There are 2 protein chains.
Amino acid sequence: MTTTSAPADTARARVERAALELFASRGFDSVPADEVADAAGISRRTFFRYYPTKADAVWGDFGAHVARLDGLLRAAGPGRPVLATICAAYAEVNDYGDADLPVLRQRMRLILTEPALQAHSQLRYAEIDRVVAEHVARSTGEDPAGLLPRLVAASTRAAATTAFAAWLADDGSDLGRQLNRAFGELAGGFPGLGD
Amino acid sequence: MTTTSAPADTARARVERAALELFASRGFDSVPADEVADAAGISRRTFFRYYPTKADAVWGDFGAHVARLDGLLRAAGPGRPVLATICAAYAEVNDYGDADLPVLRQRMRLILTEPALQAHSQLRYAEIDRVVAEHVARSTGEDPAGLLPRLVAASTRAAATTAFAAWLADDGSDLGRQLNRAFGELAGGFPGLGD
DNA sequence: GAGGCTAGTGGCACCCAGTGCCACGGAGCA
DNA sequence: TGCTCCGTGGCACTGGGTGCCACTAGCCTC
């Protein structure tokens with residue numbers, strides 16, 4: 001869940017790199033925003049102009065990420081199997097080159113383990129859920145605020161984050177494979193649980 | 001998701017009531033902790049001894065809630081259908097008398113709509129997920145940190161919060177019924193989506 | 001009953017996230 | 001040269017959260 005691999009030595013990118021590095025080595029709560037700003041060569045005030053909260057610096061250009069997901073879902077159009085489409089879209093949006101994987105791991109490790117970032121993530125996930133729920137609504141003709149679209153959005157997102165956690169816990173594994181496994185279980189209604 | 005109906009005019013309970021009332025009427029961010037403390041007749045310092053964060057005041061005694069869920073799941077024991085057990089446990093833990101429903105609505109409306117509380121909720125949900133994942137692990141003999149237990153915990157929780165949202169949006173509806181609907185869809189693997 | 005221990009409380013000072021306001025400086029243009 | 005405009009930095013302020021200390025009420029012991 002990040003931006004492209006464009007090296008781009010913009011101030012924004014420097015902030016993001018400094019944030020990941022500092023937070024990963026010393027913990028999110030132990031590094032004041034001032035220090036990240038210093039490391040990136042800007043003032044604290046400017047830091048908060050680039051990223052509205054300290055947590056946002058970890059997420060990079062997440063808006064573009066959501067927009068990309070939205071584009072893929074809209075492109076898939078209705079009529080195709082919904083869960084499979086969502087899974088494929090998640091996989092494609094999170095398909096990074098080998099060079100970018102370490103950064104992705106660092107980012108996701110922070111987001112999944114640091115409590116403050118874990119909390120913040122809910123707000124970001126809500127953006128994803130909105131986009132996914134709209135796709136389900138388009139596919140089924142329901143109201144995006146109805147139970148089914150919301151439920152599909154929330155549980156596919158649960159599948160995605162679980163896949164991320166599993167990928168993170170296993171150094172050798174492939175993210176796409178974990179996503180497929182998780183979505184497979186979900187789509188099957190969890191067979192083997194005895195219901 | 002709250003404590004029992006015990007009226008209990010303890011300072012803790014007064015804080016909780018004042019918090020719900022003030023936050024509901026003026027918004028979570030617009031009410032400083034000082035004011036909640038004042039309204040409950042205690043100092044700001046003492047407020048933060050009762051509740052470690054301002055957000056926690058909204059949740060009441062959530063630890064007891066989680067403990068109750070854990071107890072129900074352990075009591076159900078392995079061998080029973082897992083999703084059905086989880087659904088029943090969620091339903092039972094959230095089965096309030098008519099007198100307490102308005103408070104529950106107020107609480108859940110805050111948690112589901114106020115961004116700061118939405119973010120904070122993730123930390124609370126993590127406690128639930130832990131308990132549910134352990135139950136799945138007991139039932140299947142897997143590692144609680146494995147993909148399936150985590151996935152079941154995350155997606156059942158997604159079902160539960162979605163059910164809450166639907167219940168909240170529809171004044172007349174019954175929470176238990178919404179939970180059953182959501183869990184039914186989940187357990188069926190979302191038929192009718194064309195996968 | 002006096003002294004002492006303890007738990008709950010309040011006050012104070014501090015750190016830090018985030019924000020509004022203003023001042024500065026450089027780029028572009030007339 | 002003067003103008004505007006934009007990005008930046010500094011400053012001060014609000015508010016969440018915490019560590020520290022002082023006070024008090026109860027309770028226990030001698």
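Below, all heavy atoms of this structure are taken into account, side chains as well, without hydrogens, waters or symmetry copies. Bear in mind that the values here come from a model prediction, so they are computed numbers and not experimental data. All chains are named by letter (A, B, ...) in the order of the sequence lines, taking the proteins before the strands, and each is independently numbered beginning at 1.
Taken residue by residue, residues 116-124 of chain A places no heavy atom nearer than 4.0 Å to DNA chain D. Shown for residues 18-36 of chain A: no residue has heavy atoms falling under 4.0 angstrom of DNA chain D.
The residues A/Glu35 and A/Arg44 are annotated as not salt-bridged, no charged nitrogen and carboxylate oxygen being separated by less than 4.0 angstrom.
Within the 4.5 Å cutoff, the side chain of B/Gln118 has no heavy atoms near those of the B/Thr113 side chain.
Of all non-hydrogen atoms in A/Pro144 and A/Pro149, the two that sit nearest each other are O-CB, 3.7 Å.
B/Leu123 is not connected to A/Leu123 by any chain of hydrophobic side-chain contacts under 4.5 Å among Ile, Leu, Val, Met, Phe, Trp and Tyr, and they are in different clusters.
The side chain of A/Ser43 contributes no N or O atom lying less than 4.0 Å from OP1 or OP2 of D/dT8.
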Next on the checklist: Applying side-chain contact (heavy atoms from CB on, under 4.5 Å) to A/Leu186 and B/Phe190, what does each step give before you reach the verdict?
Outcome noted: CA-CA 9 Å; A/Leu186 184 69; B/Phe190 307 108; 4.2 Å; yes
Checklist entry - Passes side-chain contact (heavy atoms from CB on, under 4.5 Å), A/Val152 versus A/Ile86? Steps please. => result CA-CA 10 Å; A/Val152 172; A/Ile86 296 171; 3.9 Å; yes
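If you take CZ of A/Arg12 and P of D/dG7, they are 13 Å apart, rounded to a whole angstrom. One interatomic measurement links the two molecules: CZ of B/Phe47 to C1' of C/dC12, which rounds to 19 Å at whole-angstrom precision. Rounded to whole angstrom, the span from the OH atom of A/Tyr51 across to the P atom of C/dA17 amounts to 16 Å.
Checking A/Val93, A/Val131, A/Val136 one by one against A/Leu73, the side chain to side chain contact (heavy atoms under 4.5 Å, CB included) holds for a single residue, A/Val131.
Relative orientation of the A/Tyr125 and A/Trp59 rings is perpendicular, given thresholds of 30° and 60° on the angle between their planes. Between B/Phe23 and B/Phe28, the two ring planes are perpendicular [angle over 60°; tilted spans 30° to 60°].
Formation of a donor-acceptor pair under 3.5 Å by the A/Arg107 side chain with backbone atoms of A/Val58 is found in this model.
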Item to check | Heavy-atom protein contacts under 4.0 Å, nucleotides 18-25 of chain D, coded B base, S sugar-phosphate only, - none | outcome: BBB-----
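A/Arg177 forms no cation-pi arrangement with A/Trp167, by the criterion of a distance under 6.0 Å to the ring centre and an angle within 45° of the ring axis.
Across all strands, B/Tyr50 comes closer than 4.0 Å only to sugar-phosphate atoms, never to a base (heavy-atom distances).
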